[in-house]
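Reading through the structure tokens given below for one structure.
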2 protein chains.
Amino acid sequence: MPETARQIADDLRARISSGEFRPGARLPGEPTLVQQYGVAKMTASNALKLLITEGLAYARPGSGTYVREFQPIHRVGNERLSSARWSSGESVWAAETAGRPVEVRDIEVSESRAPRWVARGLALSSDAPVIVRSRRYFVDGEPVQLATSYFPADLVRETCIAQPDSGPGGAYARLAEAGAAPVDFTEELRARMPSPEEAEQLALPSGTPVIEIYRTALTSDHRPVELNRMLLNAGAYVLRYNFGS
Amino acid sequence: MPETARQIADDLRARISSGEFRPGARLPGEPTLVQQYGVAKMTASNALKLLITEGLAYARPGSGTYVREFQPIHRVGNERLSSARWSSGESVWAAETAGRPVEVRDIEVSESRAPRWVARGLALSSDAPVIVRSRRYFVDGEPVQLATSYFPADLVRETCIAQPDSGPGGAYARLAEAGAAPVDFTEELRARMPSPEEAEQLALPSGTPVIEIYRTALTSDHRPVELNRMLLNAGAYVLRYNFGS
DNA sequence: AAGTGGTCTAGACCACATT
DNA sequence: ATGTGGTCTAGACCACTTT
């Protein structure tokens, strides 16, 4: 019988979605699967690995393989609708995040020359000087997002944006003080699997995609003043956008 | 030397990003890797499998393993900014899609009772009757999106929305005719790995995540009239949203 | 016919966690 | 000390594509 690993994975998957194995529960181990299905250890290992790369389970070496849990952070892209206005529709996913504080760490600031894609997004000439601010966001002590913002250096070099502590209200408040308040935003995003380096920085369990977001912030006279590249642990986020017709 | 498969994958990955292997190019095959690295066939196979599950490569059995290409469709969630207004900022990703027609197939319409999550999204009581419209979208003959819309049955049962052909202008035009024009939209989305069933329906190469979107459409008096669940091949899409502060 | 990826077996060693 | 997942080898068979 070929296709054995798939079949074992199918079986376990069905038992997970039937509720036999709840989130956090321990799945049958490799030795158990070897016995019950009469297969080689490597086949059992591959069956579990299938569930892991699907994001359904994770392994704790030396302990066991467990069913994954999903408690997303709700990230609101914009909030044009008041909560009253939106009262009728409830989130499709269980709403959480309430009271889970977000920490910012590993802030690094530098000045460098804009790569092509940054120059394009900020409407600068290539190699123009830019201020680069990168940082990591943590929730419950776990890294959930990497972010790197690019600003035209001539605009912000003399402000706190060029310092690790950008001051009260953050970079947008400093931009406003400089007469370049951002008022229009565009976010472009896609999802993909992470590179090993990205997986390490976000401490991603395998089988977890990332969401890559590029946000461009424009002033009221349509001048781009920030390009922010974000990389999110997709397993940690639900994104919300709303807009009118 | 353990960790061999990872190392081989790292090596190939570096050679891909260095440009030695361009998108669409054929990678060294299993027999070649066995020779060059002096490993067992299965180790070589696993090394290639790593690149595949990362979304960097895909296998054509009997032929070879190839570097993946990425030519995304740009899906615009909303278009509040005129093209003139947005002229300064260019898309971060190479803009394509120009002239790639979208086909709709496999339309199915039925009436059934709302599951809990649909009832919640549409602000209906559980088990309320709903009209369900599902379909698949194709670009270049490849399936790129599954979509299933739910409408309150009492509102649309007598309209073409309950027919496979919803008529000119689509379902939203019919809703408008029924005095329930949708004007406000909220999209909630997340990215994750597909189930095997979803992977089959979207003909997904392994290593490709999906983006799951729930869109709720509200009338001007804040009544939800449609809940649309979409499942996108993440490798085929870049999503764009824009909004003001 | 030859070459390719896909999968399985049987046995081995390792690092780690739990008991 | 035992059990767990992680990985590797060496050899085998299959289905498929390419020549």
Side-chain angles (χ1 to χ4, degrees), chain A residues 1-13 15-16 21 24-68 196 199-200 203-208, chain B residues 1-13 16 21 24-69 196 199-200 203-208:
Chain A
M1 283 293 178
E3 286 297 277
T4 316
R6 283 205 116 83
Q7 287 173 354
I8 297 176
D10 288 348
D11 187 21
L12 292 176
R13 198 183 302 107
R15 292 162 76 186
I16 289 171
F21 302 114
R26 213 197 136 190
L27 292 172
E30 292 179 3
T32 311
L33 297 177
V34 165
Q35 266 202 352
Q36 293 186 345
Y37 293 88
V39 295
K41 182 186 186 322
M42 223 201 149
T43 305
S45 178
N46 283 337
L48 290 171
K49 213 141 290 179
L50 275 173
L51 298 181
I52 290 170
T53 58
E54 280 169 29
L56 267 184
Y58 62 96
R60 290 204 304 163
S63 168
T65 303
Y66 299 83
V67 180
R68 234 207 246 159
E200 193 198 337
L204 294 175
S206 52
T208 304
Chain B
M1 281 294 177
E3 285 296 278
T4 316
R6 284 205 115 83
Q7 287 173 354
I8 297 175
D10 288 348
D11 187 23
L12 292 175
R13 196 182 304 109
I16 289 171
F21 302 115
R26 209 194 143 201
L27 292 172
E30 293 179 2
T32 312
L33 296 177
V34 166
Q35 266 201 350
Q36 293 186 344
Y37 292 88
V39 295
K41 182 185 194 272
M42 220 197 157
T43 305
S45 178
N46 283 336
L48 291 172
K49 213 140 292 180
L50 275 174
L51 297 180
I52 290 171
T53 57
E54 279 170 31
L56 267 185
Y58 62 95
R60 290 205 303 162
S63 169
T65 303
Y66 300 83
V67 180
R68 252 229 222 133
E69 307 166 67
E200 193 197 338
L204 293 175
S206 52
T208 305

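What you see is a predicted model, and the numbers here were worked out from it, not measured in a lab.
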Which residue pairs satisfy the salt bridge (Lys or Arg N to Asp or Glu O under 4.0 Å) criterion with at least one member in residues 29-45 of chain B, sequence neighbours excluded? B:Glu30-B:Lys41
Rounded to whole Å, the CG-P distance (B:Leu33 to C:dG6) equals 12 Å
If you compare all heavy atoms of B:Phe21 against all heavy atoms of B:Arg26, which two are closest, and at what distance to 0.1 Å? CD2-O, 4.0 Å
Output the rounded distance in Å from CD1 (B:Ile52) to P (C:dT7). 10 Å
Grab the N/O contacts between the protein and nucleotides 9-13 of chain D below 3.5 Å, and write none if there aren't any.
unit_1, atom_1, unit_2, atom_2, d
D:dT9, OP2, B:Ala40, N, 3.0
D:dT9, OP2, B:Thr43, OG1, 2.3

Look up atom OH in A:Tyr37 and atom OG1 in A:Thr32, then write down how far apart they are to the nearest 0.5 Å. 10.5 Å
With a 4.0 Å cut-off on heavy atoms, is B:Thr65 in touch with a base, just the backbone sugar-phosphate, or nothing at all? sugar-phosphate
Between OH of A:Tyr58 and P of D:dT4 the distance, given in whole Å, is 17 Å
How about A:Leu12 and A:Leu48: do any of their side-chain heavy atoms sit closer than 4.5 Å? yes
With the side chain defined as heavy atoms from C-beta on, A:Arg6 is closest, among C:dT7, C:dC8, D:dT7, to C:dT7
Would you mind reporting whether B:Asp10 and B:Arg13 have side-chain heavy atoms less than 4.5 Å apart? yes
Taking C-beta and beyond as the side chain, do B:Arg68 and B:Pro205 meet within less than 4.5 Å on heavy atoms? yes
Is there a side-chain contact between B:Thr65 and B:Leu51, using heavy atoms and a 4.5 Å cut-off? no
Return the value, rounded to whole Å, for the distance between atom CG of B:Leu50 and atom P of D:dT7. 8 Å
Would you check if B:Pro196 and A:Glu54 make a side-chain contact, meaning some heavy-atom pair closer than 4.5 Å? yes
Find every protein N or O atom lying less than 3.5 Å from an N or O atom of nucleotides 16-19 of chain D, and list the pairs.
unit_1, atom_1, unit_2, atom_2, d
D:dT17, O4', B:Gly62, O, 3.4

Validation row: B:Ile8, B:Leu50 side chains within 4.5 angstrom (heavy atoms): no
Rounded distance (Å) that lies between atom C1' of C:dT4 and atom NZ of B:Lys49: 12 Å
Atom CD of B:Glu30 to atom C1' of C:dG6: distance rounded to whole Å? 8 Å
